[in-house]
Amino acid sequence: IQYANKFGYRVAAIGRGSKIESLAMKLGADVYIDSKVKNAADELQKLGGAKVIVATAPDSKAMAELIGGLGLNGKLLLVGVASDPIEVAPVQLIRGGRTIEGWAGVTPADSDDTLRFAELRGVRAMIETYPLEKAAEAYARMMSGNAEFRVVLTM
């Protein structure tokens, strides 16, 4: 969300539940769509259709539900990893020239560019810090799935 905002894009964040709306807005989203309450694809179409949707959820069904939110020549970029197939009707892609693409990572040069951009534009990591003495507690929080951000140990 921060990167898209800093690049100057109009950003619609999609999440499940209202409790993450304030965080999405704080990170730079212009619009928050609660997919528990509204159909995210329909809401994206009301906004003109998305040029790119970065699908981070590790849920194939949730990813597939977003295809209808793409605008003309829109791209669904998959970064969330799921093992089950994504169901898509060919007509969903053919009409409007939509595409689905997977993305696994970056090159070292991409990482350097990303870090330089972050520094230049003020993109900041969201982390949870724990002192080294509480490493076991930090690990337990991370493994529980309750960590909101990356868990980082400090010395």
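Under a 4.5 Å side-chain heavy-atom cut-off, the cluster of Ile, Leu, Val, Met, Phe, Trp and Tyr residues that includes Val152 is completed by Ile127. When hydrophobic side chains of Ile, Leu, Val, Met, Phe, Trp and Tyr are connected at separations under 4.5 Å, Ile94 ends up as a singleton with no cluster partners.
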*Decide yes or no on side-chain contact (heavy atoms from CB on, under 4.5 Å) for Val88 and Leu93, but give the supporting numbers first.*
CA-CA 8 Å; Val88 57; Leu93 301 177; 4.0 Å; yes
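Within the structure, salt bridge (Lys or Arg N to Asp or Glu O under 4.0 Å) pairs that include any residue of residues 127-155 comprise Glu128-Arg141 (at least two apart or interchain). For the ring-ring contact (aromatic ring centres under 6.0 Å, His included) condition, no pair includes a residue of residues 126-155, sequence neighbours left out. Pairs passing the salt bridge (Lys or Arg N to Asp or Glu O under 4.0 Å) check and including a residue from residues 41-59, sequence neighbours excluded, read Glu43-Lys46.
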Just distance, no hydrogens or angles: give the donor-acceptor pairs under 3.5 Å from side chains in residues 74-84, sequence neighbours left out.
| unit_1 | atom_1 | unit_2 | atom_2 | d |
| --- | --- | --- | --- | --- |
| Lys75 | NZ | Glu101 | OE1 | 2.9 |
| Asp84 | OD1 | Ser60 | OG | 3.1 |

In a table with atom names and distances, give each donor-acceptor pair under 3.5 Å that connects a side chain of residues 3-24 to protein atoms at least two apart or in another chain.
| unit_1 | atom_1 | unit_2 | atom_2 | d |
| --- | --- | --- | --- | --- |
| Asn5 | ND2 | Gly28 | O | 3.0 |
| Lys6 | NZ | Arg121 | O | 3.3 |

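One hydrophobic cluster, built from ILVMFWY side chains closer than 4.5 Å, cannot hold both Ile1 and Met25; they sit in different ones. Placement of Ile53 and Tyr32 in two distinct hydrophobic clusters is found when ILVMFWY residues are connected by side-chain heavy-atom separations under 4.5 Å, directly or transitively. One hydrophobic cluster, built from ILVMFWY side chains closer than 4.5 Å, cannot hold both Leu120 and Leu115; they sit in different ones. No chain of hydrophobic side-chain contacts below 4.5 Å, direct or via other Ile, Leu, Val, Met, Phe, Trp or Tyr residues, connects Met63 to Val52. The same ILVMFWY cluster, assembled from side-chain heavy atoms under 4.5 Å apart, contains both Val31 and Leu70.
Under the side-chain contact (heavy atoms from CB on, under 4.5 Å) criterion, Arg95 pairs with Val91, Arg98, not counting sequence neighbours. Leu132 meets the side-chain contact (heavy atoms from CB on, under 4.5 Å) test with Leu153, Met155; sequence neighbours excluded. Looking at residues two or more places apart in sequence or on another chain, you find a side-chain contact (heavy atoms from CB on, under 4.5 Å) between Val37 and Asp34. The side-chain hydrogen bond (donor to acceptor under 3.5 Å, both in side chains) check on Lys61 picks up Glu65, with sequence neighbours excluded. Listed by chain and number, the residues in a side-chain contact (heavy atoms from CB on, under 4.5 Å) with Ala109 are Thr107 (sequence neighbours excluded).
Few gaps surround CG on Leu47; more than 12 heavy atoms of other groups in view lie less than 6.0 Å from it.
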